[in-house]
Visitor: 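Would you mind keeping the following structure in view while I ask a few things?
Below, read A as the first sequence line, B as the second, and so on, with proteins coming before strands; counting in each chain starts at 1.
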2 protein chains.
Amino acid sequence: MASIKDVAAEAGVSVATVSRVLNDHPSVSEDARTRVLAAVRALGYRPNAVARSLRTDQTRTLGLVISDVLNPYFTELARAVEEEARALGYSVIIGNADERPDLQDHHVRTLLDRRIDGLLVSPTDGGSPLMLDAARAGTPMVFVDRWIPGVDVPVVRADGRAAVRDLVAHLYGLGHRRLAIIAGPAATTTGSERVEAFRAALAAHGLPLPDAYIGQGDFQAESGRRVTEGFLDLPEPPEVVFAADNLMALGALDAVRARGLRVPDDLALAAFDDIRWFVHTDPPVTAIAQPTDELGRAAVRALVDRIEGRPGESVTLPARLVVRRSCGAPPATPTATNRSQS
Amino acid sequence: MASIKDVAAEAGVSVATVSRVLNDHPSVSEDARTRVLAAVRALGYRPNAVARSLRTDQTRTLGLVISDVLNPYFTELARAVEEEARALGYSVIIGNADERPDLQDHHVRTLLDRRIDGLLVSPTDGGSPLMLDAARAGTPMVFVDRWIPGVDVPVVRADGRAAVRDLVAHLYGLGHRRLAIIAGPAATTTGSERVEAFRAALAAHGLPLPDAYIGQGDFQAESGRRVTEGFLDLPEPPEVVFAADNLMALGALDAVRARGLRVPDDLALAAFDDIRWFVHTDPPVTAIAQPTDELGRAAVRALVDRIEGRPGESVTLPARLVVRRSCGAPPATPTATNRSQS
DNA sequence: GCACGCCGTGGAATCGATTACATCGACGTG
DNA sequence: CACGTCGATGTAATCGATTCCACGGCGTGC
């Protein structure tokens with residue numbers, strides 16, 4: 001591959017001049033500029049980003065560590081992040097933690113080794129020493145979706161409490177009284193928060209949330225299946241299951257179907273995170289939708305602000321309830337179940 | 001951040017010795033080794049991958065340019081790729097082309113600028129000059145899923161022809177005679193191949209594939225919707241629609257539902273690419289499943305072989321038909337619709 | 001007892017860029 | 001006419017690693 005030296009030789013100038021042309025420094029003669037540009041084209045020269053990064057101490061790269069690539073929510077998030085980053089002149093390296101703290105650490109470590117300019121994380125746990133050290137050491141960092149309490153890092157996320165209240169009101173209105181939840185890992189903020197929001201919303205209607213109705217999941221489909229089976233085996237099974245993410249809802253659907261039961265007649269179902277497929281499942285699933293795109297963009301903006309020396313603020317956006325048929329009593333108009341209403 | 005010089009100073013040795021310890025070169029005294037290791041720990045030193053790459057001319061990084069991150073098929077593929085790469089000591093940078101040639105080029109360019117060791121591509125088009133140049137210039141490269149004919153690059157993909165024959169036989173057996181296809185872009189191999197396989201399979205049953213029954217899609221949901229509406233507006237609409245990927249099938253489902261029609265009674269549906277959600281859609285969708293995981297792993301192995309100087313061979317794995325209810329006549333046993341059978 | 005070889009080590013070149021500093025010529029001004 | 005200024009350019013230091021080469025010391029074989 002041609003280097004800046006080859007270009008300099010070809011154009012009959014020094015490497016300094018070539019570099020000046022490439023970074024359009026003002027003090028270059030028109031003549032030199034055209035000769036350099038011609039040489040660049042002739043050799044098909046492209047600057048070596050590795051060398052440039054070493055010298056300038058910036059990679060114009062963001063690291064994004066997400067909890068699970070197979071989760072459509074995070075995929076959408078990743079897409080929005082990449083788009084906004086590209087618009088701001090940054091690339092993104094995605095690390096998939098698969099909800100495993102060790103994998104998360106692996107990715108944070110290699111991203112740090114590559115000297116990415118900033119890190120976007122949706123932590124799978126309470127925070128490893130590695131990540132906390134990095135935050136303390138001043139690596140620009142922003143938490144997205146989930147966060148680690150007590151760490152001084154901006155957080156970009158959705159607040160689902162109002163939507164959970166709406167959901168519970170909806171369920172209550174349909175006559176449901178025994179409501180259960182498939183929770184995410186307690187070590188994640190979204191894991192514990194959603195349970196608390198659910199509990200609070202139930203309390204507002206004078207309903208309890210017994211321990212037997214709190215199933216411990218891990219945000220993966222398999223745990224949703226397992227927990228749902230546990231619920232169905234209870235002497236007094238719940239009437240509704242609220243899954244704290246879309247994959248566990250999928251697992252719940254698996255469990256219900258495996259028993260030959262029907263949603264919502266035998267068991268109603270609702271989920272946190274709305275995805276396109278929920279419109280076409282049998283039945284369409286009532287869900288709480290996050291403004292995923294905006295979250296991704298806001299997170300990148302906050303991170304780039306930090307990187308470039310500006311404050312970089314936390315952002316909280318509201319989630320909202322999308323009613324479909326998985327909890328019973330179809331909505332008034334048929335189109336109301338379609339996502340396009342939103 | 002501490003550099004190798006700091007470590008050398010702390011340990012009272014030269015940078016050469018530190019480097020030797022870090023790369024466990026044999027010729028280092030036990031004493032020096034322990035002092036260096038202690039210094040490394042004390043300073044929390046981590047080698048700068050950027051500097052290392054500049055010197056060694058290898059980044060231990062693979063580039064993966066996929067056609068669409070929002071497509072679960074590619075997400076699964078990306079996951080498998082990352083996993084296998086990690087096992088072999090490589091990281092992966094994913095570029096999402098969103099089925100846009102310009103974006104694809106953008107990613108190939110930045111990946112090349114970053115001097116990735118090898119490139120994994122599932123091309124969205126017939127191949128830009130940029131990519132062809134890179135291949136010719138000797139950048140280790142492997143095509144996955146889709147490929148560009150006439151370029152000397154190994155291809156790792158699934159052969160769906162047998163599965164498409166099975167599908168058509170299945171449809172024929174159910175009494176369907178008017179079969180239509182929502183094709184992918186003709187510029188992609190998977191786009192044109194699937195149409196050809198479908199046409200050939202129809203011919204074997206003496207069935208035609210009229211032009212009106214070939215809808216031009218672009219592998220995105222919206223095009224599936226649009227094409228399906230076109231089919232439904234035909235004076236003699238097809239009895240079955242075969243979508244060449246899962247997103248267009250989703251779009252087809254949207255279109256059918258928007259008209260208040262039912263699958264499979266009013267229109268039967270089948271798709272290329274099987275995904276978890278197809279089990280739970282209304283109705284469960286008959287699909288052709290690719291061995292996505294194995295494809296991803298095989299692709300990485302072929303690429304790493306190339307990078308490390310070994311041959312690196314093309315691989316073709318068979319796809320297979322998974323019958324569900326979206327074409328009519330439910331399969332004999334209820335469990336046969338479940339993915340766990342596979 | 002001497003020479004050779006090997007081991008451990010450090011000095012310095014190198015990778016490909018950016019950039020501070022020096023140089024040189026042209027031009028304007030007093 | 002001399003001097004200061006400014007624009008264009010080149011030389012060389014630098015980023016943080018790896019690695020070739022040289023060197024000193026010690027063990028071994030003859």
Visitor: Starting at atom CZ of A/Arg60, determine the distance to atom P of C/dT18, rounded to an integer number of angstrom.
Guide: 13 Å

Visitor: Rounded off to whole Å, could you give me the CZ-to-P distance for the A/Arg55 and C/dA20 pair?
Guide: 8 Å

Visitor: Will you find, in the side chains of A/Tyr73 and A/Asp145, an N or O donor that is under 3.5 Å from an N or O acceptor?
Guide: yes

Visitor: Salt bridge or not for B/Glu10 and B/Arg35, using N-O below 4.0 Å?
Guide: no

Visitor: Of the options A/Val28, A/Val7, A/Val13, which is the one that meets A/Val21 in a side-chain contact (heavy atoms from CB on, under 4.5 Å)?
Guide: A/Val28

Visitor: With a 4.5 Å limit on heavy-atom distance, are the side chains of B/Trp147 and B/Val121 in contact?
Guide: no

Visitor: Indicate, with a heavy-atom threshold strictly under 4.0 Å, whether A/Ala49 touches base, sugar-phosphate, or nothing.
Guide: nothing

Visitor: Would you find more than 12 non-hydrogen atoms of other residues, nucleotides or ligands less than 6.0 Å from B/Gln58 atom CD?
Guide: yes

Visitor: Name the residue closer to the 5' end of DNA chain C, choosing between A/Asn48 and B/Ser29 according to the nucleotide with the nearest heavy atom.
Guide: B/Ser29

Visitor: Which part of the nucleic acid, if any, lies within contact of B/Val50, taking any heavy atom under 4.0 Å across all strands shown: a base, the sugar-phosphate backbone alone, or nothing?
Guide: nothing

Visitor: Closest nucleotide of DNA chain C for B/Ala51 versus for B/Val28: which of these residues is on the 5' side?
Guide: B/Val28

Visitor: Side chains of B/Arg79 and B/Glu82: does their closest heavy-atom pair fall under 4.5 Å?
Guide: no

Visitor: Quick one, B/Arg114 with B/Ser53, criterion side chain to side chain donor-acceptor pair (under 3.5 Å). Give me CA distance, side-chain angles, the key distance, then yes/no.
Guide: CA-CA 10 Å; B/Arg114 273 150 201 278; B/Ser53 295; over 6 Å; no

Visitor: Which nucleotide of DNA chain D is the first, and which the last, in the 5' to 3' direction, to come under 4.0 Å of a heavy atom belonging to chain A?
Guide: D/dA8 to D/dG16

Visitor: Among pairs that include at least one residue of residues 120-130 of chain B, which meet side-chain hydrogen bond (donor to acceptor under 3.5 Å, both in side chains), considering only residues two or more places apart or in two chains?
Guide: B/Ser67-B/Ser122, B/Gln104-B/Thr124, B/Gln104-B/Asp125, B/Asp105-B/Ser128

Visitor: Under a 4.0 Å heavy-atom cut-off, which of residues 15-27 of chain B touch DNA chain C?
Guide: B/Ala16, B/Thr17, B/Arg20, B/Ser27

